[in-house]
A.B. asks: 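What follows is a structure written as C-alpha cells; I'll ask about it next.
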Protein chains: 2
Amino acid sequence: MYSNFTVDCVIFGFHEGKIKVLLTERNEYPFKDTWGLPGYFVDNDEEMEHAVKRILYEHTGLKDIYLEQLSAFAGLKRHPSGRILTVAYYALLQLDHMKVKLKPITNYMKQARWFAEDEIPELAFDHGQIIELSLAKIRRKITYSPIAFELLPDKFTLTQLQMVYEAVLGKVLDKRNFRKKMLNYGFLKELPEVQKGVSYRAARLYKLDKRKYLKIFQQTISF
Amino acid sequence: MYSNFTVDCVIFGFHEGKIKVLLTERNEYPFKDTWGLPGYFVDNDEEMEHAVKRILYEHTGLKDIYLEQLSAFAGLKRHPSGRILTVAYYALLQLDHMKVKLKPITNYMKQARWFAEDEIPELAFDHGQIIELSLAKIRRKITYSPIAFELLPDKFTLTQLQMVYEAVLGKVLDKRNFRKKMLNYGFLKELPEVQKGVSYRAARLYKLDKRKYLKIFQQTISF
DNA sequence: ATATACTGTGTATTTTCTACACTAACACAT
DNA sequence: ATGTGTTAGTGTAGAAAATACACAGTATAT
C-alpha cells in the first residue's frame, strides 16, 4: 500500500562535457505524456530513502549511487488533485560506466532520456523548479565538497575532472592552477596507467584516495 | 482540518554569548510532558511555510523571522503510532529585542523555554537529531552567508557580531583580524551612536547595509 | 584619583590565488 | 620515416588574503 507522499529524484550524470539530467515521460495521469522527474509514492512500510534507491535502480540499473535529500515540496497547487507532498533528492552517478540501461521496468512511465541543462522541456508539476534548486545546490556544494568524483568513473584524468568542475560551475578554469590545487590536496592517487582509445597523447589516470579525502573533507567541514 | 504531515521548527536565538534553542514541553500524547521542538500538523488548506510562521508567532509573538527549510524526516519509527512525515525548518531571531513572549497560546504545549546547546534534555521523537542537523547547517552556512545578523538586533557592536560567530563556530577568533575582515566587506554602516548602559567604555554601533550586503552575497554565491 | 573593564588599532609574515604560454608526447596519415 | 593534429603537462612572478600578535585609550564606578 502506498503512503500519502512521494519522492522525486534529480539524477545527474556527466557526459560529453555537460551535466545531464535523467527525465521520464509519464504514463499516468496527471501530466500523462509529459516529461518529469523519476519519482513515485513511497510504500507505507518503506523507508523514504529506500524508495529513492528503488526508483534509481528501476531507472538506471545501478545501486550505491551518491544520494542527498534536497528539500520537501508541499505547495497547495503543485498537484492538480490536491496537495501531495514530495521529498526531492538529487543523485550523482558515474555515467561513463555506461552500464546505465534506460529501459524503464515500471509501468508508470513510457521512456527515460538524458537531457542537458539547456534542453530540458516544460516539466510536470513543479519539477522544473526542483531541478533549478538541485543545480543551485550542487553548484554550491562542489565548492566545498568533492562531489565531482561521484560523476566520474573510478579512474579519470585531470582534464576530465576539470571538465566536471567547469560544467557544474559554468565557467572555464585555468588548467595549471586547477591541477596544482587538486594535486596539492593530496587525495588523488596517480595510477601507473594512462587513458586508452584516444587518438592523441594519452593522459595519466588518477583515482581518489578515499581515506585522505575524508580526512581533508572533515577538516574543511569543521573549519 | 489537518493534513497528514507536520512541520517542526528549530528556533535559534543568541543570548549571553551562547546560541539557544527554543523548546516546548508537550501537552499531548505521544511524549506528553517531554520537551520537544515547536511544531504541529499543517492545516489542509495551508501552505507549509505559513504553518511554520504561524507556529513561530504563537511561540514568540514575532513575525518576519528568518526561516529556511532544513529537511524532511520520515523514518518509519520516528512516531510511535506509525510514520508521520515532518518537514523541519530552522529560524534565526533577534532575541535581544526581548519582545519575545514565551507564554504559549496554544493548548498542545505547557511551556516554552530557551536552552543552550549543552543543556538540551532528551527530546521527543527525533527532535534531538533534527537540532544536531540544524546546528551543522548553520555552522556551515555562516561561513558563506551573513546569517549572523539575523541573530542580532538592528544596531550592534563589532564585539557582539564576533561573539555570534564564535558561538556558532565554537572557536575563538582574533579580534583585529575579525574587525578588519568585516569592515573590509563594506556592508557595515557605522552609526553615530554608541552602546548604552555599560559600565565601561561604550562601543560603536553598526548596522547592516542590506543593499551592499546583497550585492556581495550574490557575488559570493555565483563564484 | 584610582581601579576596572572593554574598545580600538597596525604591521610583518605566510599562505593562497591569479595570470599567463610553450614544449613534449602520442596517434595517425602519407 | 616524416609530418600533422591534438591534447598533456609544466613554473614563475605578482597580487590578494589570511594569520599572528600587544598595548594605549576611554568611559564608568567608587
Side-chain angles (χ1 to χ4, degrees), chain A residues 14 16-17 96 142-144 146 152-153 155-167 169-207 216-217 219-223, chain B residues 14 16-17 96 142-146 148 152-153 155-167 169-207 216-217 219-223:
Chain A
F14 176 72
E16 291 172 347
D96 289 349
I142 203 173
T143 66
Y144 64 85
L152 288 173
K155 301 175 183 180
F156 51 85
T157 70
L158 290 177
T159 299
Q160 286 168 345
L161 184 59
Q162 183 175 346
M163 278 164 56
V164 172
Y165 275 85
E166 290 182 340
L169 294 174
K171 66 175 184 184
V172 294
L173 301 172
D174 181 87
K175 188 177 175 180
R176 275 178 290 191
N177 292 338
F178 180 83
R179 294 162 100 90
K180 205 191 311 172
K181 200 170 160 183
M182 278 298 154
L183 292 174
N184 266 355
Y185 283 133
F187 52 58
L188 292 184
K189 223 188 293 185
E190 188 177 322
L191 296 176
E193 304 169 57
V194 293
Q195 228 176 356
K196 278 178 187 169
V198 289
S199 68
Y200 43 82
R201 176 180 177 184
R204 170 77 40 188
L205 288 170
Y206 290 82
K207 75 183 230 192
I216 293 161
F217 181 37
Q219 281 174 1
T220 311
I221 271 190
S222 64
F223 112 99
Chain B
F14 177 72
E16 291 171 349
D96 289 348
I142 203 174
T143 66
Y144 65 84
S145 158
L152 289 173
K155 299 174 182 181
F156 52 84
T157 71
L158 290 177
T159 299
Q160 287 169 343
L161 185 59
Q162 185 176 345
M163 278 163 56
V164 172
Y165 275 85
E166 291 183 339
L169 293 174
K171 67 174 185 185
V172 294
L173 301 172
D174 181 87
K175 189 175 174 180
R176 275 178 290 193
N177 293 337
F178 180 83
R179 294 161 100 91
K180 206 189 311 172
K181 199 170 157 181
M182 278 299 154
L183 292 174
N184 265 354
Y185 283 134
F187 52 57
L188 292 184
K189 224 187 288 184
E190 188 178 322
L191 297 176
E193 302 169 58
V194 293
Q195 228 176 355
K196 277 179 188 167
V198 289
S199 68
Y200 44 81
R201 174 178 178 188
R204 169 80 35 192
L205 288 170
Y206 290 81
K207 74 183 234 191
I216 292 161
F217 181 38
Q219 280 174 1
T220 310
I221 273 190
S222 65
F223 110 102

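Note on naming: letters A, B, ... go to the chains in the order of the sequence lines (proteins, then strands), and numbering restarts at 1 for each one. Keep in mind that what you see is a predicted model, and the values were worked out from it rather than measured.
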A.B. asks: Closest approach of B:Ala167 and B:Gly17, non-hydrogen atoms and distance?
C.D. replies: CB-O, 3.6 Å

A.B. asks: Sequence neighbours left out, cut at 3.5 Å: what donor-acceptor pairs do the side chains of residues 185-192 of chain B make with other protein atoms?
C.D. replies:
none

A.B. asks: Assuming nearest nucleotide by heavy-atom distance, tell me which of A:Ser199 and A:Arg179 is located more 5' along DNA chain D.
C.D. replies: A:Ser199

A.B. asks: Measure from CG on B:Leu158 to P on C:dC6 and round the result to the nearest Å.
C.D. replies: 16 Å

A.B. asks: Which part of the nucleic acid, if any, lies within reach of A:Thr159 when heavy atoms closer than 4.0 Å are counted: base, sugar-phosphate only, or nothing?
C.D. replies: sugar-phosphate

A.B. asks: Of all residues at least two apart in sequence or in a different chain, which pass the ring-ring contact (aromatic ring centres under 6.0 Å, His included) check with A:Phe156?
C.D. replies: A:Phe149

A.B. asks: Which residue lies toward the 5' end of DNA chain C, A:Val198 or B:Val194, if each is placed at its nearest nucleotide?
C.D. replies: B:Val194

A.B. asks: Would you mind reading off the distance between B:Tyr200 atom OH and C:dA5 atom C1', rounded to a whole angstrom?
C.D. replies: 8 Å

A.B. asks: Going from CD1 on B:Ile142 to OH on B:Tyr165, what distance comes out if it is rounded to the nearest 0.5 angstrom?
C.D. replies: 5.0 Å

A.B. asks: Roughly, in whole Å, what's the span from CD in B:Gln160 to P in C:dC6?
C.D. replies: 13 Å

A.B. asks: For every nucleotide of nucleotides 12-24 of chain C, 5' to 3': is a protein heavy atom under 4.0 Å from its base (B), only from its sugar-phosphate (S), or from neither (-)?
C.D. replies: ------BBBB--B

A.B. asks: Tell me which donor-acceptor pairs under 3.5 Å the side chains of residues 177-184 of chain A have, and how far apart each pair is, sequence neighbours excluded?
C.D. replies:
| from | atom 1 | to | atom 2 | distance (Å) |
| --- | --- | --- | --- | --- |
| A:Asn177 | OD1 | A:Lys180 | NZ | 3.2 |
| A:Asn177 | ND2 | A:Asp174 | OD2 | 3.3 |

A.B. asks: Return the CG to CE distance between B:Leu158 and B:Met163, rounded to the nearest 0.5 Å.
C.D. replies: 12.5 Å

A.B. asks: Using the heavy-atom set of chain B and a strict 4.0 Å cut-off, write down the first and last nucleotide of DNA chain D that makes it in, 5' to 3'.
C.D. replies: D:dT19 to D:dA29

A.B. asks: Supply the atom-to-atom distance A:Phe14 CZ to A:Gln160 CD, rounded to the nearest 0.5 angstrom.
C.D. replies: 8.0 Å

A.B. asks: Applying side chain to side chain donor-acceptor pair (under 3.5 Å), can you list everything that pairs with B:Gln195, at least two apart in sequence or on another chain?
C.D. replies: none

